[in-house]
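As structure tokens, the structure follows; a few thoughts come after it.
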Amino acid sequence: MHLLQLNLQNFKNYREQSVRFAGKVTTFVGHNGAGKTNLLDAIHYLSFCKSYFNTVESYSILHGSEHFSVTGKFRYDGERSDDTVHCHVRKGRRKVFKVNGKELDRLADHIGNIPAVMLSPYDSSLIDSGSEERRRYLDMIISQFDRAYLDGLITYNRALVQRNALLKRMDREIRFDPSLLALYDEQLAQFGSSLFAKREAFVEQFTPLFEGVYQHLAGAREKAGVDYCSQMQECPDAKELLVSALDKDRQVRYTTAGVHKDDLRFTLEGVPVKRFGSQGQQKSFIIALKLAQFAFLKNKLNIHPLLLLDDIFDKLDRDRVERLMELVGGDGYGQIFITDTNAQRIETIFSSLSVTTDVFEVHDGIVNQ
């Protein structure tokens, strides 16, 4: 898969910009705040129908404007025809997403059509933050190759919100009736069991890929691990799990048991990387997660995802940079987009690998090759 052209209008700090891409590796260079990361985020919009960095859509609209649009033209290997993907957001209105001029009824139907992997300094939250970040990461990967998983996740989360609202209402009215929870319990049990099984299967397949990438980046000096942690491993019956937690749910007024409490445990030599991993080890860990994600999606979808590397060279020592670029510069990777503040560094890195890169200079929302 190859992104041929990207068009932006009123997107973040871009008033009007069109960029064409020809080669395998594209680098955006410029000072901090010039708009390099915004270009990667625009590509992320076309893949996931949302920003990688902002949950509020209006934050992506250029100051003083009422709307933004992002359009990309994609070419695929084989017989699949080109796609033109368009996203339009206007303040106070529903987001519009079109593929080849046809508006999508559901944004979820687009997930997985343009697979992408983003690696950013913000990804440190996968290690530093709570379980919600790691669940979101898990769900994001599986949803790109399993449409039924995404539909089940949406249904589960909707039932969870409704059950929590009912628990709060019953507490407020001082009238607790477990039978009123039955409908939501059925949905949480049914879809929770499916989500658990698919998450467990994914982690089992994903972990060997991750371990291999980490050993390459770290020079095979230590063993890294990813473990799936779920309440359903102790109680495989999702309905029984809900029943056992009912008294606690009533006290705290929300649902305390289920796959919405799942987590991933990241370890080095069997101990938590968050507590015992050095800064360099944690960086290598996150990079290995993302490159293993790339390899997994490529195998599942039979397509090379886009790889988006945002401002990573400043955060890595020379040895890790060389190992990383040895990996992504090889035949196993497709189109790569990189941001950096140092054009000379980019030239040095890729010349040593005999890889040609198209370099674009970014300055205050203007892109020039």
Side-chain angles (χ1 to χ4, degrees), residues 45 47-52 55-57 87 94-97 99 103-115 130-170 177-206 228-246 248-250 252-264 293 296-297 300-301:
Y45 254 105
S47 177
F48 293 94
C49 309
K50 63 181 182 180
S51 169
Y52 190 76
T55 57
V56 180
E57 299 284 0
C87 176
R94 183 177 64 89
K95 177 163 49 182
V96 175
F97 212 89
V99 178
E103 184 174 349
L104 299 181
D105 294 327
R106 298 192 324 151
L107 297 180
D109 293 336
H110 180 67
I111 305 303
N113 287 339
I114 301 175
S131 61
E132 184 178 358
E133 285 292 326
R134 291 180 287 278
R135 278 195 306 277
R136 186 181 296 117
Y137 175 69
L138 188 63
D139 292 336
M140 177 269 298
I141 300 175
I142 303 175
S143 295
Q144 288 189 78
F145 66 85
D146 189 334
R147 188 64 51 81
Y149 179 91
L150 179 56
D151 290 340
L153 180 65
I154 292 170
T155 303
Y156 181 94
N157 287 336
R158 185 184 300 122
L160 179 64
V161 169
Q162 293 170 332
R163 188 181 194 270
N164 288 342
L166 181 56
L167 285 167
K168 289 181 174 64
R169 193 183 80 193
M170 289 193 295
D177 184 353
S179 65
L180 296 177
L181 299 171
L183 173 63
Y184 305 123
D185 288 358
E186 288 290 339
Q187 291 181 312
L188 292 177
Q190 176 187 348
F191 291 99
S193 296
S194 176
L195 294 173
F196 167 72
K198 291 184 176 183
R199 286 173 177 176
E200 192 171 50
F202 164 75
V203 174
E204 184 178 350
Q205 299 172 48
F206 176 82
Y228 176 44
C229 305
S230 176
Q231 295 170 336
M232 288 193 64
Q233 291 165 330
E234 299 295 326
C235 181
D237 188 322
K239 199 165 186 180
E240 182 181 328
L241 185 64
L242 286 165
V243 171
S244 67
L246 188 57
K248 185 177 181 180
D249 292 353
R250 181 180 179 181
V252 299
R253 299 182 300 165
Y254 63 85
T255 307
T256 60
V259 295
H260 59 286
K261 296 294 184 178
D262 287 357
D263 199 357
L264 292 174
Q293 172 188 341
F296 189 94
L297 290 174
K300 277 288 185 179
L301 300 172

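Numbering of residues begins at 1 and proceeds along the displayed sequence. What you are looking at is a predicted structure, and each value in this text was computed from that prediction instead of being measured.
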Check against side-chain contact (heavy atoms from CB on, under 4.5 Å), Phe97 and Tyr45: CA-CA 10 Å; Phe97 212 89; Tyr45 254 105; 5.6 Å; no
Test side-chain contact (heavy atoms from CB on, under 4.5 Å) applied to Arg106 and Leu150, step by step: CA-CA 12 Å; Arg106 298 192 324 151; Leu150 179 56; over 6 Å; no
Stepwise side-chain contact (heavy atoms from CB on, under 4.5 Å) test for Gln205 and Lys300: CA-CA 11 Å; Gln205 299 172 48; Lys300 277 288 185 179; 4.0 Å; yes
Candidate pair Met140 and Gln293, rule side-chain contact (heavy atoms from CB on, under 4.5 Å), full reasoning: CA-CA 10 Å; Met140 177 269 298; Gln293 172 188 341; 3.5 Å; yes
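Aromatic ring centres of Phe202 and Phe296 lie closer together than 6.0 Å.
In this structure, the separation between CD1 on Ile141 and OH on Tyr137 is 3.5 Å, given to the nearest 0.5 Å. How far OG of Ser244 is from CD of Gln231: 8.0 Å, rounded to the nearest 0.5 Å. For the atom pair CG of Asn157 and CZ of Phe191, the computed distance is 11.5 Å after rounding to the nearest 0.5 Å. In this structure, Leu107 CG and Phe48 CZ are separated by 13.5 Å, a value rounded to the nearest 0.5 Å. To the nearest 0.5 angstrom, Gln233 atom CD is 6.5 Å from Cys229 atom SG. Atom CG of residue Asp146 and atom NZ of residue Lys198 lie 3.5 Å apart, to the nearest 0.5 angstrom.
Taking both residues in full, the closest heavy atoms of Leu153 and Leu195 are given as N-CD2, 3.9 Å, listed atom of the first, atom of the second, then distance. Of all heavy-atom pairs between Ala245 and Ala257, the closest is CB-CB, 3.7 Å. Residue Ala189 comes nearest to Lys239 through the heavy atom pair CB-N, 3.8 Å, listed as atom of the first residue, atom of the second, then distance. Among all heavy-atom pairs drawn from Cys49 and Glu57, the shortest one is O-OE2, 4.4 Å. Summarising the geometry of Gly192 relative to Val259, their closest heavy-atom pair is O-CG1, 3.4 Å, with the distance given to 0.1 Å. Residues Arg147 and Ala108 approach most closely at NE-O, 3.7 Å, considering heavy atoms.
Residues meeting the side chain to side chain contact (heavy atoms under 4.5 Å, CB included) test with Val161, sequence neighbours left out: none. Considering only residues two or more places apart in sequence or on other chains, Gln187 meets the side-chain hydrogen bond (donor to acceptor under 3.5 Å, both in side chains) condition with none of them. Qualifying side-chain hydrogen bond (donor to acceptor under 3.5 Å, both in side chains) partners for Ser230, counting only residues two or more places apart in sequence or in other chains: Asp262. Here Thr55 pairs with nothing under the side-chain hydrogen bond (donor to acceptor under 3.5 Å, both in side chains) rule; sequence neighbours left out. By the side-chain hydrogen bond (donor to acceptor under 3.5 Å, both in side chains) test, Lys50 pairs with no residue at all, sequence neighbours left out. Residues meeting the salt bridge (charged side-chain N to carboxylate O under 4.0 Å, His left out) test with Glu103, sequence neighbours left out: Arg94.
In this structure, the side chains of Asn113 and Val99 stay at 4.5 Å or more apart for every pair of heavy atoms. At a threshold of 4.5 Å between non-hydrogen side-chain atoms, the residues Leu181 and Met170 count as touching. You'll find the side chain of Ser131 stays beyond 4.5 Å of the side chain of Lys261, heavy atoms only. Side-chain contact check for Leu242 versus Leu246: every heavy-atom pair is 4.5 Å or farther apart. Looking at heavy atoms from C-beta onward, Tyr254 lies in side-chain contact with Thr256 at the 4.5 angstrom threshold. Under the 4.5 Å side-chain criterion, counting only non-hydrogen atoms from C-beta, Asp185 is in contact with Arg163. Using a 4.5 Å cut-off on side-chain heavy atoms (C-beta onward), Tyr149 and Asp139 make contact. Side-chain contact between Gln144 and Ile111 is present, with at least one heavy-atom pair separated by less than 4.5 Å.
Under 4.0 Å is where a charged nitrogen must lie from a carboxylate oxygen, and between Glu132 and Arg135 no such pair does.
Annotation: Lys248, atom NZ; neighbour count of heavy atoms from other residues, nucleotides and ligands within 6.0 Å does not exceed 12. Few gaps surround CG on Asp177; more than 12 heavy atoms of other groups in view lie less than 6.0 Å from it.
With no hydrogens or angles considered, no side-chain donor-acceptor pair links Thr255 and Asp249 at under 3.5 Å.
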